[in-house]
Structures are given as structure tokens and as C-alpha cells.
Protein chains: 2
Amino acid sequence: MPTTRRSFRPGDRIQVAHSALNWLHIVNLGSCKTATLSADGNEQVVGLHFKGDWIGFDGIATGFCISDAYAMDTGELWSLRYDLLLEAAARQPALMQGVFAVMSHQLTQDRHRTRSRSLMPADARVADFVRSWADSLAERNLRCDEITLRMSRAEIGSYLGLTLETVSRALTRLARCGLIGLDETRRRNITIPSAKALVDFVRQPGGYQQASDTDACRSVA
Amino acid sequence: MPTTRRSFRPGDRIQVAHSALNWLHIVNLGSCKTATLSADGNEQVVGLHFKGDWIGFDGIATGFCISDAYAMDTGELWSLRYDLLLEAAARQPALMQGVFAVMSHQLTQDRHRTRSRSLMPADARVADFVRSWADSLAERNLRCDEITLRMSRAEIGSYLGLTLETVSRALTRLARCGLIGLDETRRRNITIPSAKALVDFVRQPGGYQQASDTDACRSVA
DNA sequence: CGGCTGGTTGAGGCATCTCAAACGCAGTGG
DNA sequence: CCACTGCGTTTGAGATGCCTCAACCAGCCG
């Protein structure tokens, strides 16, 4: 498969919404986000993409890209022409199956995220977000006890369906409980003392009933 | 493509979660839901499927079905063996592209639903749900000004990320405004006097700020 | 220095959740 | 025929978690 490789830097636009879908992209290093603009001009983050993730599937149905994609990080991108991918997949069943599998994986991931949103309170959602970010790195054999979120609080909020203030408060609460460490000055740098503790916190007894602001620590102590 | 056709009745289980993915299904008549069981035993509705929709994509990645699928209605199902579909798709590029397109469509649909959830208040979410149900029928050239939801309030709530009480209240409010008609006794039968009015209500100025309980009518009057 | 962006924190309001009660309808068994 | 039960729905009252609005702080850059 002929693929063009290029490196990208934070803020680079990988894909432009409403343009014709000619390319699919695979993140080979770094991280990207996909976002759409709502009617009132606000951007909503709809997906995060790490090494191995594909970008562009959402445009296949209509032939036009649905979302904008931006680099959040320096990294490298592999791009394939969609028409050539179709040809190649027709010749190589294994490739075709692979694409099916990747699309299916995205579908289930999205769905899982949706589900957590409905039934987890804000703190747990944010905790789960941090956990999933770390997991994404761990799956790819990268360091995951010290991560730096490459998104603003507002972007995280948009991704999780929360306001930026709520995200900020949730992070400080988690930090107060020792579930995460927050760098004093570089507030996007997060340390994770115990991944297990985070997981336990996310699926805390009762699902929806959540420890209150002050109680949040008790469940860990 | 060899397909087996069978008819189903309300409550029939089409697909069993955690079983191996051998079949993909296409709804040819009627409607189905897919649902997962959360840790505490509650079921969450993750998808609705009408004529032409596929069921089973979420299991491709792992080889195991993620969700249970149930018939909500009497109808007809076409089922394909996944391995045979792969073979056929390898021979017929058009089929392969078709499957890509359908999966992509599901992905964008799911995403759109997720987005509405984050930024629409409960009433608008329910209104949009009714609208989308009617649209699903209209797209398929079925009667859509009189629909009967084949779900309980609890199921709708689970699908929309709301409690059943909130769904109930939202429906009565919409009915009070004349945006929908609610049958006196068969409470799942809904009439839609004006589809346009519903759409207008859904994307009401301001996005998140929503007319209050009593004001909800004013925006229509 | 002064604006600007991103983050934190506080106070208050409100939409939604929680808990609870009551109703209609359908099915069942006496 | 009539309790009686169970389920789905409606409605109310109260609690609360998140949003809104606003102020303030820390870096960063011209």
C-alpha cells in the first residue's frame, strides 16, 4: 500500500471538515483530536487518536469529512488514499478484514465512552478520562505513570460533556485525594501513583451515587 | 450472498452478548434494540435499529458480540454468516464498499447522538428522540405522523441518558405545548402534528439555556 | 509593564436526580 | 365476578450536582 508519511506539530490541521474524503490517516506517533463546530461556533471534541488509530472513517458514508482533525502533539502521520485503499483491500482480504476490525473497534470504544457519560458523575468521568489516556499509552508500550494531557480544560470538558470549571474542580479533588498528582505550574502534567486506585474509584459502589466533595477522599483512605 | 430470512416477534433475542460473532443481521421490517448489561445488572440501551440497519458490527473487532439485541416489534430479519460475507466482499468490491459505508454511517450516527446528549436539555433530547424515530420511519417510506414507541419510559431514558421520570415529564410537557399528541390510554402512541415545529424546538436559541417548564410553550405560541 | 490566555476558586441558581405515592391496566387465581 | 398482584406511567416534593457568572491568579509574550 502506498502511504505518504509526514510529521506534524501541535495545532497542525490533519483533516478539514466538509472537504471531500480523499485520505485516511493513521497516527504513528503523537496524538490528535477530531472536533466538530456546533451551530453557535463552539468546537466540540469528538475523538482522541493515539498511535495506531485511524482518522477519517466518519467521512466514508457520505464521501465528505465530518470533523476537523488537529495534531495535539508532535508526531508522525501515515496517510493513504481512500480509493487506493479500497483497491488494495479488494485484492488482500486480510487487509479488508483489518479495516473492518479497526472500524468496529472505534465503534465499540465510542459506545463505551457514551455509556460512561450517562452513568458516571463528573469526578469519575474525569478520573476515567485520565485512566483511559494512560491506558492508551500503556497499550502502546509508552510511559504511562507520568502523562501530560495535551488539551486545555475546556477541551477535556467538551470531550466529556462537562464545563471547564467542573473539569478543573474534579482534577483538584482527585489530586487532593492522592489519586493523581498535579504539577504545581505545568497543570497538564499528571502523575498516577496507582492505576488500580484510579480504576477502583471509577467504578465505585453504586454507580451513580458518588462521594460528595469532602467525602471523595474517604473512599480511598 | 446466501442469507437466511426469519421473522421475529417482540422480545425475541436476536443476538446474545459474549457469544461468538458468527452472524450479522439486517433488519428488513420492524425494529430492534441493542443493549448491554452494566455491572449492577441494569440494562442500557445503546442502539436502535430500523429497516435497513445492521446489527453485529460491534463484535467484529473482538470476534465476540458486545451487546444483546432484542426485537421490539414484529418484523423480519436477514442474517448473513460473517465469514461468508468476508469472502463475498473480497470478490465484490462494491459489496465491500457498501459495508464500509454502513459502518461509517453507524459511527457518525452514534457520534451525533452523543453530541446532542452533551448539549441539549432533557426536553429537547426527548423531542429529538421522537423526531429521529419519525425520521427513521419517513426515510423508509413508512407512516410517520403517528408513531408508537416500542419502548418503555425507562428504556428511552437509558437510551438518552435520563431517568424514566424525566422522560415522562418531558413527554407530557411536549404534549402540553402541542408539539406532540399523547394517546390517553396507550401512552406510547404519539402523534406529530408538525415535524417542523419539533425540529425548531430541538435547536432552540442558545443551545443549553432551555425554556423553563412553564415557558416551554411560549416558544411555540 | 500590560495585555492575553489558561487555570483556579467562589457563590448562587436551576435542571435533573432521588425518593415516594398514587393511578390505570392486564393478568391471575379464588 | 372480584380481589389481588405486578408493571408501566404519572406526579409531587425535596436534595444535589453541575452549570453560570464572576473574580482572581500565574505564565507568557510583545
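A, B, ... follow the sequence lines: proteins, then strands. Residue 1 opens every chain.
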Side-chain N or O of [X] versus OP1/OP2 of [N]: is the shortest distance under 4.0 Å?
X: B:Thr163; N: C:dT16; answer: no
X: B:Thr166; N: C:dT16; answer: no
X: B:Arg187; N: D:dG8; answer: no

note = Ordered by number, residues from residues 150-158 of chain A within less than 4.0 Å of DNA chain C (heavy atoms) are A:Ser152, A:Arg153
Taking [atom1] from [X] and [atom2] from [N], how many angstroms apart are they, rounded to a whole number?
X: A:Leu164; N: D:dC19; atom1: CG; atom2: P; value: 10 Å
X: A:Arg117; N: D:dC18; atom1: CZ; atom2: C1'; value: 15 Å
X: B:Asn189; N: D:dG8; atom1: CG; atom2: P; value: 17 Å
X: A:Asn42; N: D:dC19; atom1: CG; atom2: P; value: 14 Å
X: A:Asp183; N: C:dT8; atom1: CG; atom2: C1'; value: 15 Å
X: B:Leu119; N: C:dA15; atom1: CG; atom2: C1'; value: 16 Å
X: A:Glu165; N: D:dC21; atom1: CD; atom2: P; value: 10 Å

ask   = Is there a donor-acceptor pair closer than 3.5 Å between any side-chain N or O of A:Thr34 and the backbone N or O of A:Val46?
value = no
query = Any N or O donor-acceptor pair linking the side chain of A:Arg169 to the base of C:dG7 at under 3.5 Å?
reply = no
task = Please collect all salt bridge (Lys or Arg N to Asp or Glu O under 4.0 Å) contacts where either partner lies in residues 7-30 of chain A, sequence neighbours excluded, each pair once.
result = A:Arg13-A:Asp68
Distances under 3.5 Å between protein N/O atoms and the N/O atoms of nucleotides 25-30 of chain D, please, pair by pair.
unit_1	atom_1	unit_2	atom_2	d
D:dC28	OP1	A:Arg186	NH2	2.6

message = Classify A:Leu162 by what it touches in the nucleic acid, base, sugar-phosphate, or nothing, heavy-atom distance under 4.0 Å.
response = sugar-phosphate
key: Whichever of A:Val167 and B:Thr172 has its nearest DNA chain D nucleotide further upstream toward 5'   = B:Thr172
message = Within this structure, what is the CZ-CG distance for the pair A:Arg5 and A:Leu77, rounded to the nearest 0.5 Å?
response = 11.0 Å
